[in-house]
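These notes are about the structure you will find just below.
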Amino acid sequence: MKYDFQQIEKKWQTFWASNQTFKAHNKSEKPKFYILDMFPYPSGAGLHVGHPLGYIASDIIARYKRHQGFNVLHPQGYDSFGLPAEQYAIQSGQHPAKTTQANIKRYRKQLDRMGFSFDWTREVQTSDPKYYRWTQWIFLKLFNSYYNTSKDKAFPITELISDFEREGNHKVFAHCEKDTQLFEANEWNAFSEVEKEKILLKYRLTYLSKTQVNWCPALGTVLANDEIVNGVSERGGHPVIRKKMTQWSMRISAFANRLLEGLDQVNWPDSLKEMQRNWIGKSIGASIFFQIKDNKNKIEIFTTRPDTIFGVTYLILAPEHGLVKSITTPEKEKEVEDYIAKVSTKSERERQAEVKNISGVFTGGYAIHPFTKVKIPIWIGDYVLASYGTGAVMAVPSGDQRDFDFARHFKLQIINIFDGIDVSKKAYVEKGNIKLIHSSFLNGMNYKEAIQKIILELEENNYGKGAVHFKLRDAIFSRQRYWGEPIPIYFKSEVPYPISEKNLPLELPDVEKYLPTPDGKPPLGNAKNWAWDEVNEKVVPNNQINHKTIFPIELNTMPGWAGSSWYFNRYMDTSNHKQFVGDEAINYWKEVDFYMGGNEHATGHLLYSRFWQKVLFDLGYLKVDEYAKKLVNQGMILGNSAFVYRKKGTQKFLSKGLIKDYEVEPIHVDVSLVNSSNQLDINKVRSWQKDFKNAKFILEDGKYIVGREVEKMSKSKHNVVNPDEICDTYGGDTLRMYEMFLGPIEQDKPWNTAGISGVHNFLKKFWKLFYQEDHFLVNDQVASAESLKVVHQTIKKVTEDIERLSFNTCVSSFMICINELTALKCSNREVLEPLLVLLSPFAPHFAEELWMRIGNSNSIAFEPFPKFDPSKLEEKVKEYPVSFNGRMRFTIKLSLELTIEQIKEEVMNEEKTLSQLSGSLPKKIIVVPGKIINIVT
RNA sequence: GCUCGAGUGGUGGAAUUGGUAGACACGUUGGACUUAAAAUCCAAUGACCAUUGAGGUCGUGCGGGUUCAAGUCCCGCCUCGAGUACCA
């Protein structure tokens, strides 16, 4: 009987599917365990071996927890809205829904081959109207909420409206835009509906506003900050420019502090928490008001170093600052306008490239220093960002390097305020224990003392106050794309109104063209049926739009992160058509116990989803405000790219050893054309791509050796390895175990098939304990103490290692175990049965098959996990190494049952030997029970 | 620049709380079986010195330190990776 993995794996995959073995129930006597993977985006390229890494690890945990008696929820689905499907639609005209379904089908087929224990009855697809109905519903909840800053909680906007009606907005504690006007209750009540709605938009948690956005002309859409890397778009690497546009945003900034503090409650990797902390970017300092000379306005600045206020020699505003116009003197007007025009056309990338170029312009205006009353010039400079703090800075050239450089460049005054520090060459930016000088009442104080004192003085004199600022900015929520969730909003008098909950989902309309319209409207501008009939509450053709009852619907769609910001809650109750998640389900499952996924989502999905969770928690729909108790980042599996080297300007390709004397360009070749010793199969290359058909290959030692480089796995780099190939040759169980064996789960590692035979051999060896040829070996005889020891050692090690997520050492332990049992020729049921259960999370098909063959009729999946029995393990006598004077070593045999005193005595009995070895007697003996004994003379 | 990681044989990696560094696997070499190959099994495999039998020295990026004992802890560097960047 051979180990026929093909037949075995197919058989059990069918069995699990038809029996719904892994269906999770929302009611159970067992304790619950919710283990979640980050669901994939179903791309046209299919899965590569990197995708399943995290899924395998989480599946091992899921299966392990089932063995331990937990009611396990382990769902899977698809994040199926997104740009590639839309771009494919633009090229081919095929509806994205169609290509997406084809991709999903393929993904499912690939996933099934690896024996995952997903509960597929709970599958979600974010592009399914049954799902995005609730994404839209959550959007409306955000639209209809505001952030109450005194209670630090989101509330329905109706409460804010009643506050306004009662007392205006003077006393209201609500997170809103900076330049919101003040009004009394009677004024509010007198406002028109349009005026009211415009004011409310400044408070809603999702709002429409005209803001500076990151516009990517190549993609034809705006992007959020986390979608831009090094000034270019994350997808495609296209340039991004700043542009003022009317856009939907999410008021995540209101939650900055809670998002920061929540990190202390969750068991997430420190590096990931640190990334989120940096992204949120809390700074503690003060805001200070500077009176403008000959102007009734004040400039508010934010600084983390209010202690340096006596070093201020000028103020500097962002070019976009609201007061620029009123400060600029007539003589300077032209210069300032030119400067602003120049700055605003720069792309993000150009701006970054010009960091070292100091630029700015004097407005001609002055401000008054609050303490010295000296007049200080007001400048404009693009090193001040409008989007951070107040968009205005007090410049302290002696204490800040950028201010110093700027002052030097424009020959502005520099006041040294640090005792004994030379600031003629560079600013003093450290926060050392240096005393302040030229600083009036702060003279003689150090940094800490001065900050306390100055904030007191600022508040006492009403010049300013202690303040906290965050880097985290509101997230742009609209995208000018087709393949996303429609935003359930229509426009009446240019004011947005929600389409009520009961009319959801607002289904994505069909369009003929997926590109933006010629007049620059998003693709939904091509839809013919995209108007809202307010009376009949339904979508009607655009040509019926009138000014009374039928209005245009929002043309933008939601960004990719909308659907993924709450899917973990939907899995709890996918069949619920009345709520996004039912009370019973949420009370039972509450939160994710274990979340496995890549850390590339640190400042995107993992931040947005925490934000939505907090909103829905505040509004009373959820039980916890952090949805993932524990999170683990699996590392990325990288590709091992192969290169051939073309001699410049020729069709000659040089083997790697020959390239150093020539000018060559490396060209990717497919990794499947290369063997394990980096030798290229030249015949295959010739038929692989026509560029190589007539190429000349210059060999070394009769071979063509390729160059190798580790890179991200991608189709364009020809370094993708398809898991199907591995499943064909070795089987899904081998793939699972090999991916775990590659190294620590959290580490990045290049894919290398070289070691896979070791793992496959392990399964074959294991099989041989059951079958020798066709002879069934398993017997009911009593197992030897030795073999029981091996088993219990393995049980102990594997259990501990699963708990600490060290799956690679689990696989090693299995290998040691089977090697030893093979040597012992042990085929006792007593030994093999617990081992199968132990192995079942790792190689589930294999374990199920042999479980059945030794006479069990039930699935192994719910068998209790074997318990470690220490009595099977203990040896009576163990050898201990003894080091002597830190140099010589010998071993002594000691019984484990001895006390420390008895061990010491035993060692002293060795005195004779010791003195023979060293010529002196030991003075001190260090004994660590169960470990090592050390003697010092 | 700032923040966070990581550096161990030819390779991937073990060493969980400071306690015999290199488990396990790949690769390599030799052997058994075979007409041969594959498959399978056995043995050797950190470096250097020595070898009849042993044995010895060095060794976890570099330089110091703490300790009877350091891959592990402390101080100072070097290199690589990730994130972030006019954030006031």
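In what follows, chains carry the letters A, B, and so on, assigned in the order in which the sequence lines appear, proteins first and then strands, with residues in each chain numbered from 1.
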- Could you pull out all residues at least two apart from A:Arg473 that satisfy side chain to side chain contact (heavy atoms under 4.5 Å, CB included)? A:Asn225, A:Ser387
- Item | Partner of A:Val790 under side-chain contact (heavy atoms from CB on, under 4.5 Å), chosen from A:Leu824, A:Ile795, A:Leu835 | A:Leu824
- Task: Determine the Euclidean distance between corresponding C1' atoms of B:A6 and B:U17; express it in Å to zero decimal places.
- Result: 22 Å
- Query: Among the nucleotides B:C4, B:A14, B:A88, which one has an atom lying closest to any side-chain atom of A:Val384?
  - Reply: B:A88
- Nearest-angstrom distance from the residue atom NE2 of A:His760 to C1' of B:A39: 11 Å
- Separation of B:G12 P from A:Lys749 NZ (nearest whole Å): 13 Å
- Looking at CE of A:Met394 and CD of A:Glu300, how far apart are the two atoms once the value is rounded to the nearest 0.5 Å? 13.0 Å
- Message: Between A:Thr809 and B:A15, is there a contact of a side-chain N or O with OP1 or OP2 at under 4.0 Å?
- Response: no
- Shortest non-hydrogen pair, A:Ala843 vs A:Leu763, comes out as CB-CD2, 4.2 Å
- Using whole Å, report how far CG of A:Asn278 lies from P of B:G1. 17 Å
- Calculate the interatomic distance between A:Asp405 atom CG and B:G1 atom P; express it in whole Å. 16 Å
- Query: At under 4.0 Å between heavy atoms, what does A:Pro750 touch on the DNA or RNA strands: base, sugar-phosphate, or nothing?
  - Reply: nothing
- A:Asp748 has an atom CG; how far is it from atom P of B:A82, in whole Å? 9 Å
- With the side chain of A:Lys797 defined as its heavy atoms from C-beta on, choose the nearest nucleotide among B:U16, B:G13, B:C86. B:U16
- Message: Looking at A:Gln401, I'd like to know whether one of its side-chain N or O atoms comes within less than 4.0 Å of OP1 or OP2 on B:A88.
- Response: no
- List for me each residue that meets salt bridge (charged side-chain N to carboxylate O under 4.0 Å, His left out) alongside A:Lys656, sequence neighbours excluded, and say none if there are none. none
- Task: Would you indicate which nucleotide in B:U40, B:G13, B:U16 comes nearest to any side-chain atom of A:Asn808?
- Result: B:G13
- Calculate, to the nearest 0.5 Å, the distance between atoms CD1 and CD1 belonging to A:Ile288 and A:Ile299 respectively. 12.5 Å
- Calculate the interatomic distance between A:Met636 atom CE and B:G5 atom C1'; express it in whole Å. 15 Å
- Task: Determine whether the side chains of A:Tyr388 and A:Ser283 contain a donor N or O and an acceptor N or O closer than 3.5 Å.
- Result: yes
- Message: Has A:Asn719 got a side-chain atom pairing as donor or acceptor with A:Lys712's backbone, closer than 3.5 angstrom?
- Response: yes
- Rounded to the Å, how far apart are A:Glu746 CD and B:U16 P? 16 Å
- Message: If you apply the rule side chain to side chain contact (heavy atoms under 4.5 Å, CB included), what do you find for A:Ser812 with A:Phe741, and how did you get there?
- Response: CA-CA 8 Å; A:Ser812 294; A:Phe741 185 65; 3.6 Å; yes
- With syn defined as a glycosidic angle within 90° of 0 and anti as everything else, classify B:G9. syn
- Query: Hey, where does RNA chain B pair up into stems, meaning at least three consecutive Watson-Crick or G-U pairs with distances under 3.5 Å?
  - Reply: B:1-7 with B:78-84, B:10-12 with B:24-26, B:27-32 with B:40-45, B:46-49 with B:55-58, B:61-65 with B:73-77
- Query: Which of the following nucleotides, B:U40, B:A88, B:C4, is nearest to the side chain of A:Tyr388?
  - Reply: B:A88
- Query: What pairs of residues pass the salt bridge (Lys or Arg N to Asp or Glu O under 4.0 Å) test when at least one of them lies in residues 739-766 of chain A, not counting sequence neighbours?
  - Reply: none
- A:Leu263 atom CG is separated from B:U3 atom C1', nearest whole Å, by 15 Å
- Message: Nearest to the side chain of A:Tyr383, heavy atoms from C-beta on, is which of B:C86, B:G13, B:U84?
- Response: B:C86
All N/O contacts under 3.5 Å from nucleotides 72-77 of chain B to the protein, with atom names and distances to one decimal?
none

- Task: May I ask you to verify if any side-chain N or O of A:Lys764 is less than 4.0 angstrom from the OP1 or OP2 atom of B:U40?
- Result: yes
- Task: Go through the steps for A:Arg277 and A:Asp264 under the test salt bridge (Lys or Arg N to Asp or Glu O under 4.0 Å), then give the verdict.
- Result: CA-CA 11 Å; A:Arg277 284 193 191 106; A:Asp264 296 333; 3.4 Å; yes
- Message: Quick check on B:C2: is either OP1 or OP2 less than 4.0 Å from any side-chain nitrogen or oxygen of A:Arg277?
- Response: no
- The side-chain contact (heavy atoms from CB on, under 4.5 Å) partner of A:Ser398 among A:Tyr428, A:Phe418, A:Phe310 is A:Phe418
At a cut-off of 3.5 Å, list every protein nitrogen or oxygen paired with a nitrogen or oxygen from nucleotides 24-28 of chain B, distance to 0.1 Å.
| from | atom 1 | to | atom 2 | distance (Å) |
| --- | --- | --- | --- | --- |
| B:A25 | OP1 | A:Asn819 | ND2 | 3.0 |
| B:C26 | O2' | A:Ala754 | O | 3.4 |

